[in-house]
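For reference, the structure discussed in these notes is given below.
Keep in mind it's a predicted model, so treat the numbers as computed, not measured. Heavy-atom basis, side chains included; hydrogens, waters and symmetry copies ignored. In what follows, chains carry the letters A, B, and so on, assigned in the order in which the sequence lines appear, proteins first and then strands, with residues in each chain numbered from 1.
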Amino acid sequence: MVLNKKVAQIFYEIAQLLDLIGDNPFRLRAYERAAMRVESMPEDLEEYVLQDKLEELPGIGKDLAEKIKEIYRTGTLKQYEELKQKVPSGLLEMMSIPGLGPKKIKLIYDKLGITTMEELEKYAREGRLRSLSGFGPKTEENILKGIEFLKRSKGRLPLGQVLPLAIDLRRYIEESGLVKRVDVVGSIRRFKETVHDVDILVVTDSPREIMDRFVRYPEVEEIIAQGEKKSSIIASGVQVDLRVFDEECYGAALLYFTGSKEHNIRVRQVCIERGLKLNEYGLFRGEKRVAGASEQEVYSYLGMQWIPPEMREDQGEVEIALQGQLPVLIDLEDIKGDLHIHTVYSDGTDEIETIVKKAISLGYKYVAITDHSPSLAVAKGMTVEKVRRQAEEIARINRRYSKIRVLLGMEVDILADGTLDCPEDVLNCLDVVIAAVHSRFKMGREEMTNRIIKAISHPKVNILAHPTGRLLGERDSYEVDIERVMRVAKEKGVAMELNASPRRLDINSEMCRMAKEMGVMVAINTDAHSHQQLDYMRFGVGTARRGWLEKKDVLNTLESDRLMGFLRKER
DNA sequence: GCCGTTTTCGGCCCGACTGTTTTCAGTCG
C-alpha cells in the first residue's frame, strides 16, 4: 500500500509541475487520473507490478505502467527528479493559493524571480506585482487573501464537520421564503468522506434578494464573489457557493454540480456519441433543449437509469446504468440495529437504558452493548465482575422492553501477538464479540496482517471493528493487507465493520466494494459513545452506498433471528 | 499520456466570473 501512496503523490506532483511549465493539459490530466486511480483502489499496487497487469487498470497505459515499475524498483522517477530541478518547490506551493494558477505563477517567476511564498507575500503587500501585465491592485489583494486563507484552512475536512454547516445554510436560505427549491450538491450530496467546499443550488424569482441574504449569513467571514447567478463566501473557514437556476434546467444543474467531475465527463462522452450536448442548462440537440427539468429526465433521455449521487465517481456506474443493471443500494431504513455501542461501563457517557430508548426511537429491532475489554485502561475497560453486572442489567432491560433485543457484547482488544484480551469463559457468555486493534499501530504490514488474522480466526469473534484504524485527517491507517484479512473473514464467518463515526468511516467505500465482491458481510456500526451518536448511522450508510452495498451485503439489515444465526456461526 | 461501435491519430467537458483589458486570459468548478 506504500507503493499506491508513493505513486499517487509523485503523479499528482508531476501533473502540477507540467502545469507550471505549460505542458499539454491533457497529458497532465492523464497523470492526475492515474494518481486518483491508484490512490483510491483498495488493492495493493505492488501485486499489479509483480503480476505485470498494471495496464489492466483504466487510465494506465504503457508509459505510466513503466513509470510505476520504475518507482517500485528505485523508489522514485528520473523524469520527476528532473522536473523538480527545473521548477523551484516554492512554485508548487503557490499552486494551492486560491485564485492563483500556473500562468500567473510562471509570470511571477519569470519576470520577478520570486520562488517562495514569503517573497510573494512581500511583493504583493508592497504593491510590486502590478507591474506585470494582467496584474493589478485587485490581483495583489486576492493573492494576499488567498495566502491568508491557506494559512487558516486545514484543506479537506471530514464530512461530519461540514455537514452541520451545510444543513444550517440550507435552513437559513429556506427561511427567507424566497426560494422554490434548495439543494446541497457537490461532494456532500455524494457523501464523500472529506469535503473542501459547500455547493448549494436554488430556484427563485428573486435572485438579487437571495444573494443579498446569502452574503449576510451570520457566520460569513469573507465575500469572494457576488453576482446574480453565482455568489461565493467563506463561512466557518469553508468556501460556500450558491447558484441560481430556472426550474426547466434545474435537473441538469443538479447533475452538473453534484459531480463528480469524472462522472460528468463520462456522461458527456455518452452525449457526444448520441450527437447531444450536456451542460448545466440542459441536454441539447443542436439549439433545442431536449431534457433538463429533472436528473431523471436527463439520464433517461440518454437511455440510462438514474444513478444515485453516491455512485457518481466514474467507477463503472455509467456503463452499468446504460445496461439497466444498477444495484439497489442500501437505505437508512434497511438498518435494523447497531452492533457497536459504548456505555458508562467503559468510556461511554450514557446508561444502557438511555441507549436502548434511543434505539427504540430509531425503530431498531436489536442493539449490542459492546464496552471495551480490560487492557484498554484509558477507556476504563471491563473486568469480569463488571461483565457480570452488565449481563444482569441487560437481562432486566430485555424483560422490560419487548420491542427490542439487547445483546451482550464486548469490543475486545487484539493484543500485539493476536490473542484476545478476554478470558475464554467470559467470551463464551457474550452474544457478540467485536475484535479491534487499539495499540502498537506502527507494526509492519506482515506482522499486523498476521496479528489480525489470528484474532479473527478465534471461533468467538463476529466482527472486526474499524479494520484499518484510520482517523480522518488525524491518523493514517496502520499497514495491513486488507484483502488477505477479508479472505479469512469470509472463511471464518466474520463481518467487516464499516465504522460509521465520521472521524473514521473505516472500512472505506472502496473496501466495501471489495468486501461485496468477495462475499464478506459488512456490519455498519456507529461505535457510539453517547445516545446521540447513534445518529452517525447515516454516515455509515452513505459510505456503504458509495461502496455499492445492497441490503443483502449488510449484516445489521438482517431480522433478529437470522442475525443470531450469523453470530452463532450456523451455516 | 490515454484511448478506440466516427480505432492507431486526433480527439480529450464546458460555461461563469474576475480583473484586467479594450476584446480577453486566467482560474475555477
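The C1' atoms of B:dC12 and B:dT7 are separated by 15 Å, rounded to the nearest whole Å. Taking atom C1' on both nucleotides, B:dT20 is separated from B:dT27 by 13 Å, rounded to a whole Å. With P as the reference atom, B:dG26 and B:dT21 are 13 Å apart, rounded to whole Å. Rounded to the nearest Å, the gap between the P atom of B:dG10 and that of B:dG15 is 25 Å. Between B:dG11 and B:dT6, the distance separating the two P atoms is 16 Å to the nearest Å. Separating the P atom of B:dC9 from that of B:dC14 is a span of 25 Å, rounded to the nearest Å. The gap from the C1' atom of B:dG29 to that of B:dC13 amounts to 12 Å, rounded to the nearest Å. Distance noted for atom P between B:dT22 and B:dA16: 24 Å (whole Å).
Checking A:Glu32 against A:Tyr12 by side-chain atom types alone, no donor-acceptor pair falls below 3.5 Å. Donor-acceptor pairing under 3.5 Å is lacking for the side chains of A:Asn4 and A:Glu46. For the 3.5 Å distance criterion, the side chains of A:Glu273 and A:Gln269 fail to qualify, holding no donor opposite an acceptor. No hydrogens or angles considered: nothing links the side chains of A:Gln85 and A:Glu81 as a donor-acceptor pair under 3.5 Å. No hydrogens or angles considered: nothing links the side chains of A:Tyr536 and A:Asn499 as a donor-acceptor pair under 3.5 Å.
If you check B:dT8 for Watson-Crick or wobble pairing at under 3.5 angstrom, you find it has no partner at all.
Phosphate contact (OP1/OP2 of B:dC14, side-chain N/O of A:Lys261, threshold under 4.0 Å): absent. Distances shorter than 4.0 Å separate none of the side-chain N or O atoms of A:Tyr256 from OP1 or OP2 on B:dC13. Side-chain nitrogen and oxygen atoms of A:Asn264 include none within less than 4.0 Å of the OP1 or OP2 phosphate oxygen of B:dC13. In this structure, A:Arg268 does not reach the B:dC13 phosphate: none of its side-chain N or O atoms is under 4.0 Å from OP1 or OP2. Residue A:Thr139 has a polar side-chain atom (N or O) positioned under 4.0 Å from OP1 or OP2 of B:dT20.
Residue A:Asn279 has its side chain nearest to B:dC14 when only B:dC14, B:dG29, B:dG26 are considered. In this structure, of B:dG26, B:dG1, B:dC17, it is B:dC17 that holds the atom nearest to the side chain of A:Lys229. Taking only side-chain atoms of A:Lys230, from C-beta outward, the nucleotide of B:dC17, B:dG15, B:dC14 with the closest atom is B:dC17. Closest contact between the side chain of A:Arg27 and the listed nucleotides B:dT18, B:dG29, B:dG1 involves B:dG1. If you check B:dG19, B:dT20, B:dG15 against the side chain of A:Asn142, the one that comes closest is B:dG19. Proximity note for A:Phe26 (side chain, C-beta onward) versus B:dC12, B:dT20, B:dG29: the nearest is B:dC12. Which of B:dG26, B:dC12, B:dG29 sits closest to the side chain of A:Asn24 comes down to B:dC12.
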What string of B, S and - do you get for nucleotides 2-10 of chain B 5' to 3' if you count protein non-hydrogen atoms under 4.0 Å? SS-------
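In this structure, the side chain of A:Tyr250 engages the main chain of A:Leu201 through a donor-acceptor pair within 3.5 Å.
Aromatic ring centres of A:Phe245 and A:Tyr281: separated by under 6.0 Å.
When heavy atoms are screened at a 4.0 angstrom cut-off, A:Leu18 is found touching no nucleic acid atom at all.
Sequence order on DNA chain B of the closest nucleotides to A:Gly134 and A:Gln79 puts A:Gln79 first from the 5' end. In terms of position along DNA chain B, the nucleotide closest to A:Leu278 lies nearer the 5' end than the nucleotide closest to the other residue of the pair A:Leu278 and A:Phe135.
With A:Tyr256 as the fixed residue, the side chain to side chain contact (heavy atoms under 4.5 Å, CB included) test singles out one of A:Glu280, A:Glu295, A:Arg243: A:Glu280. Partner of A:Arg546 under the salt bridge (charged side-chain N to carboxylate O under 4.0 Å, His left out) criterion, out of A:Glu310, A:Glu313, A:Glu193: A:Glu313 alone.
For B:dT7, the O4'-C1' to base torsion is within 90° of 0; the nucleotide is therefore syn.
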